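Owing to the predicted nature of the structure, the values given are computational and were not obtained by experimental measurement. Residue numbers run from 1 in the order of the sequence given.
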Amino acid sequence: MHAAIQSKQAGKIYWVLNQEGLAAAAVYMIWDNNTSYYWLPCLDKNVGSQGAAQLLLWHTIQEAFKMGKRYNFEGSMLPHIEPVFRAFGAERKPIHQLYKCSNRLLYAVRAFLKS
């Protein structure tokens with residue numbers, strides 16, 4: 001995927017180094033014609049990375065703005081990450097919706113296929 005992204009010039013990797021020059025955090029920012037995406041964030045807590053993820057997030061938001069693109073946080077199901085995204089103005093938007101169908105014919109077909 002990296003080769004394809006780079007061949008189309010549709011992404012860039014950003015990282016934060018600590019005082020010793022070790023990578024504390026990194027993120028792969030990718031984009032299409034309209035939107036920039038916060039993709040593949042990495043954090044090394046053993047390197048002393050306090051605030052590194054937030055710094056990268058802020059930097060990639062600024063880069064998207066410079067490119068004239070919307071910013072997509074790509075969401076997270078982890079409860080400790082959502083408040084960080086919301087602090088930067090992200091809004092929760094569902095991407096999946098489940099519906100229950102009360103059609104007896106569909107239940108009969110399903111039961112028939114299971115047997």
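Met67 is listed as a side-chain neighbour of Met29, based on a closest heavy-atom distance under 4.5 Å. For the pair Ser36/Glu63, no side-chain contact is recorded, criterion being any heavy-atom separation below 4.5 Å from C-beta on. Considering only heavy atoms from C-beta on, Ile13 comes within 4.5 Å of His2 through its side chain. Residues Phe73 and Leu57 have side chains in contact (heavy-atom distance under 4.5 Å, counting atoms from C-beta outward).
Here the side chain of Trp31 pairs a donor or acceptor atom with the backbone of Gln9 at under 3.5 angstrom. In this structure a side-chain-to-backbone donor-acceptor pair under 3.5 Å is present from Lys69 to Asp32. Between the side chain of Asn18 and the backbone N or O of Ala24, no donor-acceptor pair lies under 3.5 Å.
Here CG of Leu43 is found 8.5 Å from CD of Gln54. Values are rounded to the nearest 0.5 Å. Note that OH of Tyr38 and CG of Asn72 are 12.5 Å apart. Values are rounded to the nearest 0.5 Å. One distance of note links CE of Met1 with CD of Gln6; it measures 12.0 Å at 0.5 Å rounding.
Cluster membership for Tyr28 and Leu17, using ILVMFWY side-chain heavy atoms within less than 4.5 angstrom, is shared. Residues Leu56 and Trp58 share a hydrophobic cluster, clusters being chains of Ile/Leu/Val/Met/Phe/Trp/Tyr side chains in contact below 4.5 Å. The hydrophobic cluster containing Leu113 does not contain Leu106, counting ILVMFWY residues as joined when their side-chain heavy atoms lie under 4.5 angstrom apart, directly or transitively. If you chain together hydrophobic residues whose side chains sit under 4.5 Å apart, Val27 and Leu55 fall into the same group.
Side-chain contact check for Tyr71 and Thr60: at least one donor-acceptor pair (N or O, by modelled atom type) lies under 3.5 Å.
Aromatic ring pairs are classed by plane angle as parallel below 30°, tilted from 30° to 60° and perpendicular above 60°; the pair Tyr14 and His59 is perpendicular.
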